[in-house]
Amino acid sequence: MGAALINFSCLSDELVMKGKLLSSEPMAAHTSWRVGGPADNYYVPVDLEDLSMFLAELCVDEQIFWLGLGSNILVRDGGIRGTVIAAKGVLNEMVMKALGMKVGAGLTCAKAARFSARNGKSGAEFLAGIPGTIGGALTMNAGAFGSEMWNIVSSVETINRQGELRVRSAADFETSYRFVNIANDEWFISANLILADEDIGEARFNIRELLAQRAASQPIGELSCGSVFRNPEGDFAARLIESCGLKGMSIGAAKVSEKHANFIINSGSANAADIEELILHIKKVVLEQCQVDLQTEVRIVGEAL
Ligand SMILES: Cc1cc2nc3c(=O)[nH]c(=O)nc-3n(C[C@H](O)[C@H](O)[C@H](O)COP(=O)(O)OP(=O)(O)OC[C@H]3O[C@@H](n4cnc5c(N)ncnc54)[C@H](O)[C@@H]3O)c2cc1C
């Protein structure tokens with residue numbers, strides 16, 4: 001990638017950028033719902049050193065939004081002000097270690113799961129069907145089939161907006177269901193995972209089984225962000241939504257999945273406003289009929305038009 005061609009007043013002229021800096025980049029191209037307006041600036045670093053230099057040179061008041069694979073965000077139609085950092089496919093280290101493996105934040109969860117199985121390890125199989133990056137899985141404490149990300153993390157490497165790297169133990173973080181308390185201006189670069197020994201064939205079989213279970217219960221292949229709402233304590237958001245008769249309901253081209261009521265599908269031409277309106281409608285109906293105040297798991301970001 002060559003030096004950036006656009007004039008970005010937030011960076012000094014002396015910075016030799018090796019990555020790609022785009023302006024007004026449509027976020028719809030980078031989210032699994034295929035909706036979202038433009039990001040003012042969108043930076044794709046070439047490597048960690050380049051990323052670190054870029055961050056260090058950004059104005060202190062520039063808003064930064066870190067993007068994984070965009071599989072758990074609803075970007076509003078007005079887009080994102082400030083700079084999006086897109087490290088997917090860049091920070092993609094995967095190395096076996098004595099007790100497990102080290103994985104980069106830009107690596108896909110699917111690749112990490114397959115790499116682990118190939119090397120005769122178990123514990124990371126649940127990641128196989130989560131269509132995000134390791135960075136996104138760390139931030140969301142992503143989970144499935146009774147496992148979750150921070151159960152297998154021993155330490156992480158992070159970067160701050162000065163471009164400084166730190167190694168932190170898992171014990172430095174508070175984690176719970178779909179939550180980790182990382183600071184606003186600090187992002188994940190890599191993680192060390194603790195894994196158990198496993199027969200390679202068995203680990204691969206486990207992955208196939210989990211993917212089959214997912215395909216049977218979720219609308220895989222359609223445009224969604226996975227579960228829209230967090231499961232309330234002791235219950236399931238999908239059960240509540242279905243019990244209110246909302247399966248199949250649509251606003252514009254945004255529709256509650258017939259297969260899994262906690263999924264909202266973009267059937268092609270939905271915009272973010274349609275999806276957000278449907279989310280608010282579901283919340284209202286479930287509150288009225290079930291007295292449960294559903295909270296979104298998906299992160300809603302950016303500006304409305
Ligand atoms: C079909 C489908 C099935 C799904 N199934 C599951 C499931 O079983 N379990 C589950 O938990 N989720 C599931 N999801 C949701 C989603 O895939 C996960 O939340 C995933 O971890 C998000 O990763 P991402 O890279 O796409 O993150 P993004 O959506 O890009 O970002 C999510 C959040 O993480 C932040 N972020 C991303 N990378 C970093 C980083 N390196 N450092 C700091 N912050 C960062 C972003 O700023 C944003 O706030 C599913 C989604 C889909 C579409």
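Numbering of ligands and ligand atoms starts at 1, following listing order.
- Test Val75, Val301, Leu69, Leu223 against Thr31 for side chain to side chain contact (heavy atoms under 4.5 Å, CB included) and you get one pass: Val75.
- Nearest-heavy-atom check against atom 36 (N) of ligand 1 across Val75, Thr31, Thr139 picks out Thr139.
- Of all heavy-atom pairs between Ser227 and Phe263, the closest is N-CE1, 3.8 Å.
- The closest protein non-hydrogen atom to atom 47 (O) of ligand 1 is Trp66 O, 2.6 Å.
- Below 3.5 Å of separation, one finds no N or O of Ala142 facing any N or O of ligand 1.
- In terms of heavy-atom proximity, Val180 sits nearest to Leu138 at CG1-O, 3.3 Å.
- Of the N or O atoms in Ser224, none lie within a sub-3.5 Å distance of an N or O in ligand 1.
- Close approach of ligand 1 to Ala144 is summarised as follows: ligand atoms under 4.0 Å from at least one heavy atom of the residue are 8 (O).
- An N or O contact shorter than 3.5 Å is missing between Met140 and ligand 1 by distance.
- Residue, atom and distance of the protein heavy atom nearest to atom 12 (N) of ligand 1 are Glu297 OE2, 4.0 Å.
- Counting heavy atoms closer than 4.0 Å to ligand 1, residue Cys225 contributes backbone atoms (N, CA, C, O) but none from C-beta onward.
- Taking the six-membered ring where tryptophan is involved, the planes of Trp66 and Trp187 are essentially parallel, since the angle between them stays under 30° and well short of 60°.
- Within the model, atoms CD1 of Ile80 and NE2 of His30 stand 10.0 Å from one another, a figure rounded to the nearest 0.5 Å.
- When only interatomic distances are considered, the shortest N/O to N/O separation between Asn141 and ligand 1 does not fall below 3.5 Å.
- Across Lys18 and Val46, no two heavy atoms sit closer than the pair O-CG1, 3.5 Å.
- Shortest contact from atom 20 (C) of ligand 1 to any protein heavy atom: Ser71 OG, 3.8 Å.
- Annotation: the span from Lys111 atom NZ to Ile134 atom CD1 amounts to 11.5 Å, rounded to 0.5 Å.
- The stretch residues 35-76 participates, sequence neighbours left out, in these disulfide bond (SG atoms under 2.5 Å apart) pairs: Cys10-Cys59.
- The shortest contact between atom 31 (O) of ligand 1 and any protein heavy atom is with Ile73 CG2, 4.0 Å.
- Contact between Met101 and Met96 at its shortest, heavy atoms only, is CB-SD, 3.8 Å.
- Closest heavy-atom approach to atom 6 (C) of ligand 1 within the set Arg178, Gln218, His260, Arg214: this belongs to Arg214.
- Between Ile264 atom CD1 and Trp33 atom CH2 the span is 5.5 Å, to the nearest 0.5 Å.
- The two residues Val153 and Ala170 come nearest to each other via the heavy atoms O-CB, 3.4 Å.
- Nearest-heavy-atom check against atom 42 (N) of ligand 1 across Trp33, Phe263, Phe188, Phe65 picks out Phe188.
- At the shortest separation from atom 28 (P) of ligand 1 among protein heavy atoms lies Gly70 N, 3.6 Å.
- Here the side chain of Asp77 pairs a donor or acceptor atom with the backbone of Ala273 at under 3.5 angstrom.
- For atom 13 (C) of ligand 1, the closest heavy atom belonging to the protein is Ile130 CG2, 4.2 Å.
- When hydrogens are left out, the protein atom nearest atom 29 (O) of ligand 1 is Asn72 N, 2.8 Å; that is the closest non-hydrogen contact.
- For ligand 1 and Gly132, the ligand atoms under 4.0 Å from any heavy atom of the residue are 23 (O), 24 (P), 25 (O), 26 (O).
- Scanning the protein for heavy atoms near atom 7 (C) of ligand 1, the closest one is Gly143 O, 3.5 Å.
- Those atoms of ligand 1 that come under 4.0 Å of a heavy atom in Thr133, given as number and element, are 23 (O), 24 (P), 25 (O).
- Between Gly68 and ligand 1, at least one N/O pair is under 3.5 Å apart.
- Within the 4.5 Å cutoff, side-chain heavy atoms of Phe115 are placed close to those of Met94.
- Of the N or O atoms in Arg299, one or more lie within a sub-3.5 Å distance of an N or O in ligand 1.
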